[in-house]
Amino acid sequence: MANNFARILSGKRNVGIMSLVGAGSLTAAFLLNREHVTAGAQVRRVYPASADYPDLRKHNNCMASHLTPAIYAKLVDKATPNGYTLDQAIQTGVDNPGHPFIKTVGMVAGDEESYEVFADLLDPVIKERHNGYDPQTMTHPTDLDSNKLKSGKFDERYVLSSRVRTGRSIRGLSLPPACTRAERREVEKVVVDALAGLKGDLAGTYYSLTHMTDQEQQQLIDDHFLFDKPVSPLLTCSGMARDWPDARGIWHNNTKTFLIWINEEDHTRVISMEKGGNMKRVFDRFCTGLKEVERLIQEKGWEFMWNERLGYILTCPSNLGTGLRAGVHVNLPKLSKDPRFTKILDNLRLQKRGTGGVDTAAVGSTFDISNLDRLGQSEVQLVQTVVDGVNYLIECEKKLEKGQDIKIPPPVRK
Amino acid sequence: MPFGNTHNKLKMNYSAEQEYPDLSQHNNHMAKVLTPEMYANLRDKETPSGFTVDDVIQTGIDNPGHPFIMTVGCVAGDEETYEVFKELLDPIIEDRHGGYKASDKHKTDLNPDNLVGGDDLDPNYVLSSRVRTGRSVRGFCLPPHCSRGERRAIENMAIESLASLDGDLNGQYYALKNMTDDEQQQLIDDHFLFDKPVSPLLLASGMGRDWPDGRGIWHNDGKTFLVWVNEEDHLRVISMQKGGNMKEVFHRFCTGLTKIESLFKDKGHEFMWNEHLGYVLTCPSNLGTGLRAGVHVKLPNVSKHEKFGEVLKRLRLQKRGTGGVDTAAVGGVFDISNADRLGFSEVELVQMVVDGVKTLVEMEKRLEGGQSFDDLMPDQK
């Protein structure tokens, strides 16, 4: 890793990592070792920590569960080399107390170093959110070799569409809650330049949100590609919607099977999708596309935020590791009414959502079924989990059609 | 995000051009005034508490505005904002406040005896009368920028001072986060309760952070004097009652405000005020008096007349719906109030409302009787 950092520090860019505040440039080279990450400038405070400690008595989110007054007092005077503070990281969790049934994360990262400087809070949050994954002792496997995927073609009488998404952050630039306008524009430029180098079935076009024509906008809406300014207070309270729609946009390939969102909740969200049940091809394109984009940005001296503790670094701690959600829209009229449906999904490490995505309801009996986990399992492992799981669900559906009984499968892992 | 000034330095790694916002789709006072040169001049400055020009303008960037309604597009994070960023704020103030110059002085007059008349607005037409203003406590950051500790300190100061009020100003404080369901319902029924702001104009400035921590409502037992704590400003002070006795409303307003000010002074705190800008508040549109004196008045005929807008303009009055700013009138009942805030004293503004509403009611009666009101047309004030 030190090699890569040396390359970045001597790269063609004049801004970014070269000009981190204070000891920051040395800090970048030592990121892997938490002990060496020094905080940036001291935060100017008027009141003692106890006077500023948030009132979390009505709150139900991961941040509130772990932010004790002692941890707050320890971290509140620190800032990352870019100057991002704890108060900024937790603002979204303070402003959104949460729901008794749904436990949100309640905090974001403003930059890569947030995960180091605020580790005393983020590590327990990550452990709770990611099923016991301990960033202090464990390492995360990254595996984008899609050849390893077995039997990824679903029965298309049941599976209507297949999709894999993840996110990637550009090392050296702040994340959406914290980035300046110039940084955000730089992310856009770096990614758009790289995407212009994609060829063959990956060749495509970029549509900037600011400059899109009405026709382009309508086409993107019809294709279900267009993302809008976020309205969820979970997102807006973190500051990620500032300056909208400056430097935001959508890129997609000509065949509309590979799509990249720029500067929405993350620097980039990468999506591979198709109608039908050929998850293998979707995952192949996902991996090929991702690796090509990575190669193209590396040519210009950039790289993705990644480390072996946390895998790929994204804005929300819930998306660490692979940041991967592989899912299908699948029709399960009989199984979805079976009282064992939820338990079956749990044991298969799968999650159901409505066909509008997160926080939507299912339409008819068509569900969005995807992997629950993000961190601690590789991309190949997670997609395999979805493939095996969805195949099992389809088998159950077929059995119920024939009047046969189904079994709850044993848990696929802890 | 505003609070946390250390992060602001990161911007200096980029050139002013690279950071300058895209204001090509914008129509607000900030966008009219902020040239790239001005941005370059101001962007390395910060107030002593760390508020920067980017913090000032964020709400104006995030809310491009409306072709018909010109919003301000800026907020202050502390008293010093108006000094450190005067290059940006002075022209905005001049444009927003009818040509008020950087060298002008603002007159404060809270002596209710100076108001002429105002106790005789016809209650058949004038349903209610109200005067509101805001006050900021010197030495503390304003709602877009304050920390939780500062906000709570403001709340504590307000609670202590208001607890000392007695007589017809004796009352009670209701903290938003501790309110019982019954108390909440009562406050809603009385039209006193304020809710977490939903307007992106306000939220984008950062003033909604940590809601409802440190926020609350105080009112006197008679429900005619009301104080909002930590909503858009440190304090909003409201005097109101049914009917047309604006003189009484203004009298209570002045007495109450003066008492609160002296109670704060007893504890060593004063309100933000200077002789150029008068009372300093979060939004530049509320400088000077921060005063809006208004009535709910029935004008079904006048309001449909083609000259209604012109009449209001000449009287220096503004119309709103009965839900307040950005609402529609219901059943011919309008909220009519002073359009100005800065450059006129409190007495002068309330006088304009009193005299202007009298004229409007006269006009309404004429139209009811099938007569014209042309001879009543006022000159431009």
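Labels below follow one simple rule: chain letters A, B, ... track the order of the sequence lines, proteins then strands, and each chain is numbered from 1. Note that the structure is a prediction, hence the values are computed from the model and not measured.
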- [ ] Could you tell me which portion of B/D54 (side chain, backbone, both or neither) has an atom closer than 4.5 angstrom to a non-hydrogen atom of chain A?
- [x] side chain
TODO: Tell me, for B/Q25 versus chain A, whether the close heavy atoms (under 4.5 Å) come from the side chain, the backbone, both or neither.
DONE: neither
Task: Atom group of B/K196 that falls short of 4.5 Å from chain A, counting heavy atoms - done: side chain
Open item on the list: For the CG atom of B/L142 and the CG atom of B/N230, what is their distance to the nearest 0.5 Å?
Closed with: 10.5 Å
Open item on the list: Can you tell me which portion of A/A178 sits under 4.5 Å from chain B's heavy atoms? Options are side chain, backbone, both or neither.
Closed with: both
Open item on the list: Counting neighbours of NE2 on B/H66 that are heavy atoms of other residues, nucleotides or ligands and sit closer than 6.0 Å, is the number greater than 12?
Closed with: yes
Task: Residues B/K267 and B/E160 bridged, charged N to O under 4.0 Å - done: yes
Task: A/E113 and A/Y84 side chains, donor-acceptor separation under 3.5 Å - done: no
Open item on the list: For B/D62, which atoms come within 4.5 Å of any heavy atom of chain A: side chain, backbone, both, or neither?
Closed with: both
- [ ] Report the residue from B/V75, B/T282, B/I57 that forms a side chain to side chain contact (heavy atoms under 4.5 Å, CB included) with B/S205.
- [x] B/V75
Task: Listed partners of A/Y206 passing ring pair (Phe, Tyr, Trp, His ring centres under 6.0 Å), at least two apart - done: none
Open item on the list: Counting only non-hydrogen atoms closer than 4.5 Å, does A/L56 touch chain B with its backbone (N, CA, C, O), its side chain (CB onward), both, or neither?
Closed with: neither
Task: Top of B/M12, B/R152, B/R151, B/K11 for chain A proximity - count of heavy-atom pairs under 4.5 angstrom - done: B/R152
Task: Contact class of A/D246 relative to chain B, heavy atoms under 4.5 angstrom - done: side chain
Task: Toward chain B, the part of A/R184 with a non-hydrogen atom under 4.5 Å - done: neither
